[in-house]
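Encoded as structure tokens, the structure appears first; notes follow it.
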Amino acid sequence: MSEQKYLLLYRNPVDVADYQPSPEEMQQVFEQWNAWKERFTGEILDVGDGLLPGGKVLRKEALTDGPFIEAKEVMGGYSIIQAKSWERAVEISKECPFLFSPGASIEIRPMAGY
Amino acid sequence: MGPGSAPLSSHWFRSEYGKLVSVLARRFGFHRLELVEDAVQNALLVALRHWPKHGTPDDPSAWLYRVAKNRLLDEMRRPNERHASLDDATSAPLTADAQPSDATFASEIADDELRLLFVCADEAIPIESRIVLALKVLSGFGTREIALRLFTSEENVQKRLARARERLRELDTSFETPAPSVLRARLAAVHQILYLLFNEGYSSMQPDRLIRRELCDEAIRLAHRLAEHPDARSPEGDALLALMYLHASRFDARVDGAGGLLLLEEQDRSLWDRRKIEIGLHFLGRSAEGDVFSRYHAEAAVSVEHALAPDYARTRWHEIVSLYEILERLAPSPLHTLNRAIALAEWKGPDAGLAVLEALKPPTWLSGYYLWDATLGELARRKGERERAIVFFERALARAPHPAEKALLARRLERARDGDSKRT
């Protein structure tokens, strides 16, 4: 079975994007990320990165300030995984700690591999 | 996984938060406490995403320190910074940014944590704000966690914090090296914070036992810092620490298998933690060096009487009665009188106890307090006055604030009813 790469795009509702977790909560999330990475070793190619607030949108006509997706959500980060099947990709994503924060969603997109 | 990704000990983030805030607040000035907290919070947030990707660094504390400090410097360099600019005369020696060596760092942290504790006890900060501030900056709890632990709303916690911070912003930074006289003057307020913290854990209405225990552990940890420091230790502080250990020794024994509260006389004494009792005795011994006898001494002494009694019946009740008499003088409160009445009843019988309570004119908060009715009910039961006992216990039951106390009272009410049926 051939492997397919997927880009996981992490989204937060705007109102929780600046929620300040307590140190204890942060430790829990930290441990969840470590456990996720360990559990799917070989399939998580890049844990990815977070995205800072702000930024710009460039169109042919003009440069504008963000946000970019519809106002109720912000893009919080991304990861890249590799999976045997679409089902497996969903399985891996379901365990991703990012989902544990309220209202968060993950967009799973197969990468074209150009 | 990356190199050096050994799991961190539990509560590591939280305890690291307290240490880093202590060290950085001392270096950058306590008037910048809020800015320091933001920087430490930010460093932890960075670590939380950076470490799973790149592996936990070999020295995670030093890593966090560096990130937090750089963030702080960046913030302070920003023009129109609302706190204070770099060239303000009070700023800490910002050039001393070499990585501290492990050994000096460890002792520095202990000193800095103590220093921050003394800042939390500033007389200009309202008392109810002090404990909240200590839990936030020294114990690393979030506002929601503090609200849960102090049995209040998060909004209330935020208000209390805001009041403390308002005062801290005006603080002059001479606290950098506080004079011994300032330290001594503030020592009583520091003891009070620790005492309240411990009591919140030991006697609060918080149903979750782990959460309560955590508060007690925090109070003990900070009281140790105090007892270990040559300039901050005192007979009162040692007695306070003794008191905490002696109480904590019964932490497990005072709940039954189902989580219900057990009375002292119902507890299995073999479950009392002997090691904690020994540590308590050690500090109580130390607290006797000098000619001070504080309320903490008296309370610890009561606890010792219980800890060393072979069983409930053979407790030296006369000693306990006289200790409560001392407490009534040292820290007047009708609660001490209530406790004395209970001990006196054990020593001389229910009539003696009732006489004390009848002579006492209880303030309304006390006469409306469930323990007041529960005590009257128990003494009536012992006299064989079944009807009166039931009335008191029913009223206590209705007033008990929390399911655990309600369950305990329901049991005693049952006993009052049974006791009579056996007699007739």
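Every chain is numbered from 1, with letters handed out A, B, ... down the list of sequences. The figures here come from the full heavy-atom set of this structure, side chains too, leaving out hydrogens, waters and symmetry mates.
Looking at Arg49(B), the atoms closer than 4.5 Å to chain A (heavy atoms on both sides) all sit in the side chain, from C-beta outward. Of the two parts of Gln28(A), neither the backbone nor the side chain holds a non-hydrogen atom closer than 4.5 Å to a non-hydrogen atom of chain B. With a threshold of 4.5 angstrom between heavy atoms, Pro97(A) does not approach chain B through any atom at all. Proximity to chain A (any heavy atom under 4.5 Å) is restricted, for Ser10(B), to the backbone atoms N, CA, C and O.
Taking Phe141(B) as the reference, nothing meets the ring pair (Phe, Tyr, Trp, His ring centres under 6.0 Å) condition, with sequence neighbours excluded. Not counting sequence neighbours, the partners of Ala164(B) by the side chain to side chain contact (heavy atoms under 4.5 Å, CB included) test are Ile125(B), Ser129(B), Leu133(B).
Side-chain contact between Phe13(B) and Val29(A): absent, with no pair of heavy atoms (C-beta onward) separated by less than 4.5 Å.
The distance from the CD atom of Gln41(B) to the CE atom of Met26(A) is 3.5 Å, given to the nearest 0.5 Å. Interatomic distance, CG of Leu48(B) versus CD of Gln32(A), reported as 9.5 Å (0.5 Å rounding). Taking CH2 of Trp51(B) as the reference point, atom NZ of Lys37(A) lies at 14.0 Å (rounded to 0.5 Å). For the atom pair CD (Gln20(A)) and CG (Asp38(B)), the distance works out to 7.5 Å, reported to the nearest 0.5 Å. Annotation: the span from Glu16(B) atom CD to Gln27(A) atom CD amounts to 10.0 Å, rounded to 0.5 Å.
Among the residues in residues 42-52 of chain A, those with a non-hydrogen atom closer than 4.5 angstrom to a non-hydrogen atom of chain B are Asp46(A), Val47(A), Gly48(A), Asp49(A), Gly50(A).
Among residue pairs with one or both ends in residues 103-114 of chain A, those qualifying as salt bridge (Lys or Arg N to Asp or Glu O under 4.0 Å) are Arg11(A)-Glu107(A), Glu107(A)-Arg109(A); sequence neighbours excluded.
Asn34(A) approaches Pro52(B) most closely through the heavy-atom pair OD1-CA, 3.3 Å.
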